[in-house]
Chemist: 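Below: one structure in structure tokens.
In what follows, chains are A, B, ... by sequence order, proteins preceding strands, each numbered from 1. If you're wondering where the values come from, they're calculated on a predicted model, not measured in any experiment.
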There are 2 protein chains.
Amino acid sequence: MTDPRGGTRARLNRTTVVQAAMTFADANGIESLSMRKLGGELGVEAMSLYKHVANKSDLTDGMIDGVFAEIALPSGKTGWRTAMRRRAISVREVLARHTWAIGLMESRTTPGPATLRHHDAVLGVLRGAGFSIGGAAHASSIMDSYIYGFALQETNLPSKTIGTARLAELVLAKLAYQQYPHLAELTIEHLLQPEYDYGNEFEFGIDLILDALERARRSA
Amino acid sequence: MTDPRGGTRARLNRTTVVQAAMTFADANGIESLSMRKLGGELGVEAMSLYKHVANKSDLTDGMIDGVFAEIALPSGKTGWRTAMRRRAISVREVLARHTWAIGLMESRTTPGPATLRHHDAVLGVLRGAGFSIGGAAHASSIMDSYIYGFALQETNLPSKTIGTARLAELVLAKLAYQQYPHLAELTIEHLLQPEYDYGNEFEFGIDLILDALERARRSA
DNA sequence: ACCTGAACACCGTTCAAGT
DNA sequence: ACCTGAACACCGTTCAAGT
């Protein structure tokens with residue numbers, strides 16, 4: 001975007017730097033994001049970035065908060081179930097767009113403002129629907145665990161590239177039939193079927209959880 | 001363990017190297033695990049390790065499989081619900097012992113034999129209990145998503161160290177009361193209560209999921 | 001067969017210096 | 001106030017050489 005040569009280079013700030021890091025990680029993978037390369041992307045030496053972020057860990061904290069900022073905030077107007085279902089789908093969508101985010105969460109230090117705002121809104125919807133404090137804690141813990149774990153598994157899927165990869169898997173599965181019979185059965189007769197899409201598992205799971213939470217809420 | 005000086009140093013192999021890497025990551029964190037330091041730990045130059053693992057990514061693949069090898073395999077003899085509950089608790093326990101594992105999963109390339117054996121056993125229990133292929137896929141997807149996501153959140157908990165940290169959080173929560181009222185309420189009136197333990201959320205969630213899966217199984 | 005030493009192309013981060 | 005250049009203490013990995 002910015003021109004590394006000409007003098008019209010835009011002045012940097014924390015947001016510019018963090019956004020550029022997110023775009024770079026989307027395009028090249030988090031493992032190849034370095035302060036030097038990010039500087040290069042912005043037409044600046046690596047060391048200039050330290051005026052805007054404290055260090056690389058601060059940068060990744062910012063990236064995670066940037067991810068949360070992209071998630072649609074739930075509103076209480078639709079009823080808690082619809083609100084929670086929509087926000088679950090939004091979280092999953094955003095995490096699929098930024099596949100590096102889940103991996104970074106393990107090493108995050110402090111949640112940023114967008115993260116806090118997001119969780120506050122979720123709790124607000126649940127409390128407004130009559131969940132007790134403990135019930136809201138239960139509900140948000142189980143929903144978030146499910147969503148994050150699903151995103152983690154989705155990122156890890158062996159076959160993002162289809163075609164030859166599928167064929168190879170099929171052959172491997174056949175070879176391993178005796179050793180891992182149930183895995184082979186699942187792979188050949190279910191996962192490799194053309195109509196199968198792992199993404200569809202997401203809605204099955206979130207609906208199962210929302211139904212169970214609604215039952216728990218009513219009997220509380 | 002091994003003596004870097006004397007000639008009685010044990011001969012290395014893939015298992016020794018992978019186990020040493022796991023122990024090192026447990027003790028010092030995954031971010032400080034390097035081929036050079038791991039070599040040092042084993043009384044050998046970094047370059048010697050390349051006789052036993054292809055590269056660092058192969059090493060981390062091995063570490064993940066080592067984690068799966070520690071999980072108790074579910075048996076079909078107890079009924080599927082008990083078997084799945086026990087294995088969920090075992091997975092969570094192992095992931096809490098090796099906090100780096102969840103973060104590595106994002107970048108894993110190929111599942112190892114212990115991983116395949118584990119998933120095959122899970123599917124075997126479900127199929128044996130009458131779940132259809134699709135039902136078993138649903139069930140294992142939702143259970144694993146929940147377990148992995150829970151482990152991810154547990155690793156991220158702000159207050160592993162209690163005491164002063166708790167007090168600081170409390171103060172911060174009060175300051176932010178107007179901005180994040182529901183988060184403040186939850187923190188002060190629930191999370192910071194001495195009897196609260198986030199770990200207890202795990203059993204609530206897994207039981208809610210198992211109950212819902214049992215209902216789905218019976219009506220299928 | 002297994003291990004080493006030197007080398008290459010990288011990292012994050014510091015510090016004094018420039019404008 | 002913001003950016004740079006050189007430097008430090010590291011990385012993963014290759015390759016030819018040693019035993």
Side-chain angles (χ1 to χ4, degrees), chain A residues 1-22 24-25 27-64 100 103-104 106-110, chain B residues 1-22 24-25 27-64 100 103-104 106-110:
Chain A
M1 290 297 153
T2 52
D3 178 6
R5 268 285 136 257
T8 57
R9 199 175 61 215
R11 194 66 139 272
L12 296 182
N13 57 44
R14 189 173 213 273
T15 315
T16 340
V17 171
V18 169
Q19 287 296 325
M22 292 175 68
F24 187 94
N28 309 103
I30 190 76
E31 68 287 345
S32 83
L33 171 68
S34 74
M35 299 301 274
R36 282 167 159 95
K37 285 191 208 151
L38 182 57
E41 207 76 15
L42 291 163
V44 117
E45 296 299 309
M47 299 72 206
S48 308
L49 302 175
Y50 287 86
K51 280 286 141 184
H52 308 104
V53 292
N55 47 40
K56 198 178 183 185
S57 152
D58 182 36
L59 175 66
T60 55
D61 276 7
M63 292 169 74
I64 297 273
W100 41 266
L104 286 190
E106 195 231 14
S107 54
R108 181 198 24 201
T109 61
T110 12
Chain B
M1 286 299 153
T2 51
D3 178 6
R5 267 284 135 259
T8 55
R9 199 176 59 216
R11 193 65 137 272
L12 297 182
N13 57 46
R14 189 174 214 274
T15 314
T16 340
V17 171
V18 169
Q19 288 296 326
M22 292 174 69
F24 187 94
N28 309 101
I30 191 75
E31 69 287 346
S32 82
L33 172 68
S34 75
M35 299 300 274
R36 283 168 160 93
K37 286 191 208 150
L38 182 58
E41 207 75 14
L42 291 163
V44 116
E45 297 298 310
M47 300 70 205
S48 308
L49 303 175
Y50 287 85
K51 280 286 141 187
H52 307 103
V53 292
N55 47 41
K56 199 179 182 185
S57 151
D58 182 36
L59 175 66
T60 54
D61 276 8
M63 292 168 76
I64 296 273
W100 41 266
L104 286 189
E106 196 231 15
S107 55
R108 174 188 40 188
T109 61
T110 12

Chemist: Taking all non-hydrogen atoms of both residues into account, name the closest pair between B:Asn13 and B:His52 and its distance.
Modeler: CA-CD2, 3.7 Å
Chemist: Once each nucleotide of nucleotides 6-19 of chain C is scored for protein heavy atoms under 4.0 Å, what B/S/- sequence comes out, 5' to 3'?
Modeler: BB---BBBB-----
Chemist: Treating B:Lys56 as the side-chain partner and B:Met35 as the backbone partner, does any N or O pair qualify as donor plus acceptor under 3.5 Å?
Modeler: no
Chemist: Which atoms form the tightest heavy-atom contact between B:Gly39 and B:Leu49, and what is the distance?
Modeler: N-CD1, 3.8 Å
Chemist: Between atom CE of A:Met63 and atom CG of A:Leu33, what is the distance when rounded to the nearest 0.5 Å?
Modeler: 5.5 Å
Chemist: So, does B:Ser48 use its side chain to make a donor-acceptor pair with the main chain of B:Val44 at under 3.5 Å?
Modeler: no
Chemist: Checking side-chain contact (heavy atoms from CB on, under 4.5 Å) for the pair B:Arg14/B:Asp58: CA distance, chi angles, key distance, verdict?
Modeler: CA-CA 10 Å; B:Arg14 189 174 214 274; B:Asp58 182 36; 2.5 Å; yes
Chemist: Please list every stem that involves DNA chain D, where a stem is a run of 3 or more consecutive Watson-Crick or G-U wobble pairs with both pairing distances under 3.5 Å.
Modeler: C:4-8 with D:12-16, C:12-16 with D:4-8
Chemist: Within less than 4.0 Å of OP1 or OP2 of D:dC2, is there a side-chain N or O belonging to A:Ser48?
Modeler: no
Chemist: Between C:dC2 and B:His52, is there an OP1 or OP2 to side-chain N/O distance shorter than 4.0 Å?
Modeler: no
Chemist: Distance check, rounded to the nearest 0.5 Å: A:Asn55 atom CG versus A:Thr60 atom OG1?
Modeler: 8.0 Å
Chemist: Going through the distances and angles, do B:Glu31 and B:Trp100 end up as a side-chain contact (heavy atoms from CB on, under 4.5 Å)?
Modeler: CA-CA 9 Å; B:Glu31 69 287 346; B:Trp100 41 266; over 6 Å; no
